[in-house]
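Note that these values count all heavy atoms, side chains included, but never hydrogens, waters or copies made by symmetry.
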Amino acid sequence: MISESSLATRRRRCLATLIDYIVLPPIALVIMLATGLMEGPEAYVWPQPVLRLFGLLVVSYFAIHGYLLARRGQTLGKKLVGLTLVSTGGGTPLELWRHALRAFAIPLALLLALLVHFNLAAIVALLLIIDPLVALAAHKRSLRDYIVGSVVHDHPR
Amino acid sequence: MGDRLDVRASLIVIVILSAGAASADCTAPPNLQHFYSESWGIDSHNTRFQPQSDISRANVTALELEWVFALGESMSPHSYPVVSDDTVFIGTPSGMLYALDRDTGCLRWSFDAESNIRSGVVQGRSPEGRVLLYFGTASGHAYAVDAATGDSVWRTDVKDHPFALVTGTPHYADGQLFVALSSWEVGVAMVPFYGCCTFRGSIVALNADDGTLQWRTHVIPDEPQVTGRHFIFVEKWGPSGAPVWSSPTIDAERGLVYVGTGENYSRPASATSDAIIAIDRNNGDIRWVQQYTELDAFNLACVLPSHPNCPENPGPDLDFGAPPIVARTEAGEAILLAGQKSGGVYGIDPDTGERLWEVTIGRGGYLGGVHWGMAVNERLGLLFAPISDIAAGPTGDVAPAPGLYALDIATGAARWSQPIDDNCANRELCAVGLSAALMATDDLVFAGALDGMLYAYDAASGEVLWRYDTWRDFESVNGLTTQGGAIDVHGPMIAGDMLFIQSGYGSFGQRGGNALLAFKLATTTDFSDD
């Protein structure tokens with residue numbers, strides 16, 4: 001079981017997330033340029049731009065964090081700050097698919113909404129605000145944590 | 001007794017007139033026996049001269065606003081009407097093609113093309129006598145729609161590049177439909193990761209009855225090749241560009257199609273950009289090319305600082321946005337007339353492409369100079385050229401000269417000019433200039449201005465005879481919020497005793513709008529000259 005005292009503080013979670021956000025764009029840019037993903041005219045024909053950018057997000061995310069997630073349940077940011085993701089059911093490491101779902105549930109929902117209607121995407125985008133707000137509650141779990149059954153706690157050094 | 005009879009007669013007249021007004025039966029199919037134009041430019045020569053006009057010097061001040069129709073919610077409508085005896089056919093940015101009652105603006109039928117109708121609408125008659133309406137869309141499709149019912153007849157994807165679109169109005173002539181292709185790529189080049197550029201302007205000839213392709217001619221014959229890289233990986237391509245933004249002009253006597261082209265998007269520049277080109281209408285072979293600005297490579301990346309997709313030493317972006325006009329001089333000689341965004345106007349030998357005369361009447365810039373269209377009056381031997389001269393692009397220290405110019409068709413000599421008034425005080429997004437295409441009648445020239453003013457000029461002297469300010473809100477017959485704004489692109493259409501104009505065009509930082517205004521000669525006015 002996870003004790004309340006081992007739950008990561010919000011400040012440290014924010015710091016880890018910030019690091020992850022900072023690292024992602026340059027890596028994604030290099031991948032995009034090297035693959036020519038957005039170079040040809042066909043990349044700009046709807047819905048190719050959003051499909052390609054979503055694909056780039058997934059590939060970039062796993063290029064940066066895949067190894068650490070599979071081995072230690074950590075993103076780069078969480079490793080640097082000393083946090084880890086575990087399941088709520090006994091604190092066991094999360095399976096990779098649950099990491100992926102946790103990372104991409106909201107972007108995927110946004111993508112699907114965009115494919116349906118732009119206004120729907122604007123509504124779904126509210127999840128980007130709701131998700132961290134949920135973590136302000138006592139259990140310190142975000143909406144995505146509830147979806148995949150995860151919790152962020154301090155990583156024993 | 002006499003008075004009683006007069007009252008009765010008056011009542012009868014009122015009843016008849018009332019019945020007439022109420023008889024605008026919008027459920028009835030359109031009357032398609034007669035149209036007021038056979039092309040965007042009224043005739044196959046794109047003269048923009050309307051012989052079928054009841055509006056003249058004597059009665060132009062009797063023009064009154066009859067009805068207003070809101071062309072959807074977009075603020076940059078880009079279509080142009082074709083008008084029959086009782087119906088106005090026009091497209092909208094949302095892809096709707098409307099058939100409106102000419103007298104009241106009520107809706108007869110509508111057709112959804114599902115893409116921005118950017119071109120004007122033209123008409124042609126199929127071998128079995130059915131009248132078809134033709135137009136093009138931002139998705140790069142050409143359409144034929146049954147004018148009687150609004151049913152789709154055919155739809156052809158004419159683009160050969162993902163960013164190709166149809167802006168120039170297709171031209172119907174003797175069973176052929178000529179469609180010009182321009183492109184969004186000029187703007188997509190602003191994305192720094194985009195490998196600029198691979199689009200080449202082209203003309204396609206379709207069988208107008210079924211939409212099948214007869215030929216396609218790229219105005220840049222060479223296919224683009226990789227010319228370099230930026231950001232290590234991103235490939236640069238060229239030659240590219242030379243879009244055709246305007247309606248083709250048909251010269252049946254010579255069997256030619258004339259088009260004007262735009263700038264190259266990337267280097268190397270081609271010899272066919274910013275040019276007038278004559279194409280064999282039967283097989284698409286290029287007969288001659290006359291280029292007016294060499295080495296003009298430009299795209300919208302050049303308006304951003306140090307952009308990797310802006311060509312080295314970017315050019316001044318001096319398209320031919322106005323279609324060439326085939327006219328006759330007073331001596332009966334055929335001459336081709338072309339106006340460029342540079343402010344240059346040219347007389348050209350239609351057989352050889354040789355430049356016969358040239359004059360510069362404007363400062364020019366990204367948005368003209370001569371932007372969308374000139375007009376001629378052969379009886380007076382005059383070519384009318386509108387000058388925009390908006391401050392956009394490398395204008396240097398040259399003063400703008402916006403207004404209307406009348407030139408001798410045979411020599412280019414100036415006959416008269418009329419500077420345009422500045423009505424932009426207290427108007428945001430307002431510019432002074434004439435950018436929209438003109439329309440001429442036997443003794444008038446009509447022009448719409450970027451400040452929303454609609455003018456009628458005396459064709460012989462340039463005197464302003466009538467003006468109407470469209471820069472305001474209107475109540476429309478279809479109940480949508482309706483505003484006027486800048487008048488740009490296609491300009492006025494005259495049809496008998498009526499004048500149609502779109503007001504509002506927000507595409508280049510000007511005041512947008514969505515108003516189709518229908519003016520009509522008031523019937524109670526005494527039109528006699530004396």
Side-chain angles (χ1 to χ4, degrees), chain A residues 20-66 76 103-104 106-108 110-125 128, chain B residues 73-74 94-95 114-116 137-141 157 159-165 181-202 218 223-238 240-241 243 265-266 299-301 307-309:
Chain A
D20 289 343
Y21 274 123
I22 289 171
V23 170
L24 185 71
I27 300 297
L29 183 64
V30 170
I31 293 171
M32 184 181 70
L33 291 173
T35 59
L37 190 72
M38 300 305 292
E39 196 174 321
E42 64 285 345
Y44 296 84
V45 179
W46 185 260
Q48 285 295 318
V50 288
L51 292 176
R52 287 177 183 231
L53 289 175
F54 181 76
L56 178 65
L57 178 68
V58 172
V59 170
S60 305
Y61 185 86
F62 280 109
I64 299 166
H65 309 298
L76 184 62
F104 301 114
I106 294 177
L108 184 63
L110 258 175
L111 171 71
L112 295 174
L114 263 175
L115 295 177
V116 174
H117 198 282
F118 184 81
N119 291 346
L120 181 60
I123 295 168
V124 172
L128 294 168
Chain B
E73 293 175 352
S74 164
S94 64
E114 297 176 349
S115 177
N116 183 351
T137 64
S139 62
H141 291 85
D157 187 349
K159 64 180 177 292
D160 63 342
H161 188 281
F163 294 141
L165 71 151
L181 276 299
S182 53
S183 166
W184 302 110
E185 195 179 38
V186 66
V188 178
M190 296 171 90
V191 179
F193 318 117
Y194 180 68
C196 173
C197 282
T198 51
F199 168 83
R200 293 176 293 157
S202 63
H218 288 103
E223 290 201 16
Q225 307 291 326
V226 176
T227 59
R229 292 175 197 276
H230 67 261
F231 297 160
I232 302 172
F233 298 105
V234 181
E235 293 174 333
K236 295 172 183 282
W237 295 78
S240 63
Y265 293 165
S266 56
N299 61 58
L300 289 179
H307 198 292
N309 273 337

Closest approach of F199(B) and A164(B), non-hydrogen atoms and distance? CE1-CB, 3.8 Å
Do you know which two heavy atoms are closest between S183(B) and P243(B), and how far apart they sit? N-CB, 4.3 Å
If one checks every heavy atom of E235(B) against chain A at 4.5 Å, the contacting part turns out to be both
F163(B) versus chain A, the contacting section by heavy-atom distance below 4.5 Å: side chain
Can you tell me how far the CH2 atom of W46(A) sits from the CG atom of L115(A), to the nearest 0.5 Å? 6.0 Å
Measuring heavy-atom distances to chain B, does L37(A) have an atom under 4.5 Å in its side chain, in its backbone, in both, or in neither? neither
E73(B) atom CD: more than 12 heavy-atom contacts under 6.0 Å: no
